[in-house]
Protein chains: 2
Amino acid sequence: MADIAKLAGVAVSTVSRALAGSPLVSADTRARIAELAKEHGYSINVGAQNLRLGQNQTIAVVVPYEAATGQNLSDPFFLSLLGCVVNAITARGWEVLLSRVEANAIESVAQPVLTGRAMGLVLMGHLNAFEPLNDLVRRGIPIVVWGALRPGQQFCTVGGDNFRGGELAGRHLVDQGARRILFLGDPALPEFGQRLEGCLAAQRAAGIEPDPELQKPVPLLPAAIDAHLASLVGAGIAFDAVFAASDLAAATAIGTLRRLGIRVPQDVAVVGYDDITIAVHFDPPLTTVRQPIEQAGLAIVDSLLAQIEGRPAESTILPTELIQRRSSLP
Amino acid sequence: MADIAKLAGVAVSTVSRALAGSPLVSADTRARIAELAKEHGYSINVGAQNLRLGQNQTIAVVVPYEAATGQNLSDPFFLSLLGCVVNAITARGWEVLLSRVEANAIESVAQPVLTGRAMGLVLMGHLNAFEPLNDLVRRGIPIVVWGALRPGQQFCTVGGDNFRGGELAGRHLVDQGARRILFLGDPALPEFGQRLEGCLAAQRAAGIEPDPELQKPVPLLPAAIDAHLASLVGAGIAFDAVFAASDLAAATAIGTLRRLGIRVPQDVAVVGYDDITIAVHFDPPLTTVRQPIEQAGLAIVDSLLAQIEGRPAESTILPTELIQRRSSLP
DNA sequence: ATGAAAGCGCTAACAC
DNA sequence: GTGTTAGCGCTTTCAT
């Protein structure tokens with residue numbers, strides 16, 4: 001900037017003002033300076049600017065590493081959601097600092113804010129850390145978490161209506177004649193637990209008493225799903241429907257069932273969760289519960305910006321929707 | 001930092017040194033200062049530190065918005081690749097600034113470096129911009145592009161061996177008895193063009209003269225693929241195999257073919273590209289060409305860091321591998 | 001309408 | 001071993 005000032009024969013302060021479009025500087029000086037800047041390929045040093053301004057239009061998006069069980073970064077749904085969040089942040093004119101943390105290193109989550117690199121945090125998953133997150137809020141760190149809303153939480157979450165999603169899936173399966181619905185997922189993960197609860201509620205509402213044998217926790221990994229289904233079939237524990245906590249898991253299950261000589265949807269109806277892009281191309285096309293991810297991205301960012309600006313922010317539960325396809329229809 | 005200095009009864013420089021682990025400061029002062037910092041939840045302001053140091057361990061990852069045709073951000077392959085790049089950067093101890101640009105706003109690609117927010121650029125796709133990218137190199141901006149290597153390029157690329165991938169797919173299909181292989185994709189995109197070339201070469205090597213009718217450009221969108229296949233079938237243009245430029249396209253094609261009463265693999269063998277996670281769960285499981293994405297992430301980052309440190313960096317072509325599954329086997 | 005100077009939070013000579 | 005000081009590139013009073 002000093003160079004530009006010298007070239008223009010003015011003081012740096014004038015250049016600063018000119019580049020900021022201040023009306024204090026005469027129109028032609030402004031034009032001349034803009035010209036020089038372009039000609040010499042000069043752009044303002046945002047780091048220095050931020051230091052001086054005591055701010056930075058940056059949001060840290062933190063992605064937990066591999067929850068060991070359950071959804072992780074290779075899940076297309078998760079990645080699409082991440083894309084939506086990034087889009088929403090960019091659309092608001094903020095920048096995105098992306099980082100990944102080990103699930104146990106919850107302490108390091110707030111690092112980008114503490115070190116002044118970002119003004120707020122988006123945490124893409126609950127990390128099974130409850131109190132540490134409450135703690136961040138108490139320390140005044142703006143944060144929004146993607147995931148289930150739970151009692152006693154002080155941090156702000158945005159997530160799909162998991163209970164309702166489970167209920168939609170459950171009711172639909174019951175309507176298709178299902179009486180023994182197998183849940184695929186680990187209910188200990190809050191989101192999955194709520195999906196299961198919704199599904200159970202729908203069954204009970206139809207006068208069906210769910211069998212606990214069909215609600216055992218399963219990590220959503222192909223091998224685990226394979227083994228689980230095989231062991232159920234081997235033990236003669238019957239089921240006429242599967243509600244999987246993710247589309248990926250549903251896809252795996254359909255493959256496994258087929259190998260076991262069980263037809264989908266004739267013998268077993270299958271419903272997944274997330275409505276990933278390819279769900280419609282599965283064979284049979286997959287019935288699933290859709291979460292509005294574009295909306296999620298916007299809700300997350302708006303909530304976070306509200307906190308950063310000192311306005312109150314509330315958790316959001318987004319509507320979920322059942323997408324009926326052939327995997328659950330006669 | 002001034003506060004900590006006051007609390008410790010030392011000068012800021014001492015605190016700075018202590019926090020940097022300098023051996024110049026006595027072990028117990030260092031311990032005392034570390035203690036105070038932790039107690040008061042103090043972390044170094046990285047922005048100020050970077051300003052002073054004239055650097056920042058940050059790499060900007062730039063994702064082009066929707067190439068209109070072809071692969072975009074909703075493609076699981078693309079997202080997985082992005083994940084690998086981010087992992088590699090994080091593993092090297094650098095930070096990631098993520099941004100998205102319109103395909104036409106190629107000028108803004110270099111913004112993060114020009115404004116001093118990042119020291120190098122990873123561009124996740126060619127953007128069909130050749131000269132502007134060469135230009136960035138001439139201006140000394142460290143950059144690595146994911147995509148095809150093309151003659152005359154001065155920028156460094158990392159990509160799969162597209163020609164070889166196409167060749168593997170082509171030879172495999174020919175081995176399965178295919179004589180008329182339909183290519184699905186737009187050869188104008190360099191990566192896809194090279195895949196097609198490889199596939200054509202394999203056919204010619206087997207004494208087959210490929211029919212230009214089967215190489216017409218198709219945007220990889222479900223509707224376009226549907227329409228294209230239907231029009232070919234309607235026009236009586238026969239084919240006994242499909243080589244799709246992405247797994248997503250292959251999945252769409254399989255669905256369309258099935259609706260047209262054409263069986264896969266009995267009537268038409270299908271090979272995709274990328275080996276996305278779910279390819280194995282398609283019905284039939286998809287034969288596809290795998291690109292080593294973890295390796296890609298590492299190659300990209302190493303190449304970029306080399307440039308940043310002033311070392312020479314060369315483009316990398318990564319090996320591709322055919323994964324045979326039932327969609328192309330009798 | 002423009003310039004001079006202070007200071008954002010930090011590091012690195014250079015003293016002592 | 002520790003303190004003093006200058007300065008990274010910018011913005012913003014306060015003068016003029």
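To find a chain, count down the sequence lines: A is the first, B the second, and so on, and within it residues start at 1.
One can place CD of Q49(A) at 15 Å from C1' of dC8(D), the figure rounded to the nearest angstrom. L114(B) has its CG atom 15 Å from the P atom of dG9(D), to the nearest Å. Atom pair L51(B):CG and dT11(C):C1' shows a separation of 11 Å (rounding to whole Å applied). Between the CZ atom of R52(B) and the P atom of dT5(D) there is a distance of 16 Å, given to the nearest Å. Protein atom CG of D3(B) is 9 Å distant from nucleotide atom P of dC10(C), rounded to whole Å. Distance, R17(A) CZ to dT12(D) C1': 8 Å, rounded to whole Å. Remark: C1' of dC10(C) and CG of N56(B) are 15 Å apart, rounded to the nearest angstrom. In this structure, M1(B) atom CE and dC8(D) atom P are separated by 19 Å, rounded to whole Å.
Closest to the side chain of L24(A), from the set dT2(C), dT2(D), dC8(C), is dT2(C). In this structure, of dT2(D), dT2(C), dT12(D), it is dT12(D) that holds the atom nearest to the side chain of S16(A). If you check dT11(C), dT2(D), dG3(C) against the side chain of A11(A), the one that comes closest is dG3(C).
Around the CD atom of E314(B), the shell of radius 6.0 Å holds no more than 12 heavy atoms that belong to other residues, nucleotides or ligands.
Classification of E191(B) and R150(B) as a salt-bridged pair fails, no side-chain N sitting under 4.0 Å from a carboxylate O.
For M119(B) against P142(B), the heavy-atom pair with the smallest separation is O-CG, 3.4 Å.
Here S13(A) lies in heavy-atom contact (under 4.0 Å) with a base. As judged by a 4.0 angstrom heavy-atom cut-off over every strand, L53(A) is placed among residues touching the sugar-phosphate backbone only. Contact annotation for S26(B): backbone-only contact, meaning every heavy-atom pair under 4.0 Å involves sugar-phosphate atoms and none involves a base.
Mapping V12(B) and T14(A) onto DNA chain C by nearest heavy atom places T14(A) at the nucleotide closer to the 5' end.
Side-chain atoms of T115(A) and I44(B), non-hydrogen and from C-beta on, never get closer than 4.5 Å to each other.
The backbone N or O of Q154(B) lies less than 3.5 Å from a partner atom in the side chain of N134(B), making a donor-acceptor pair.
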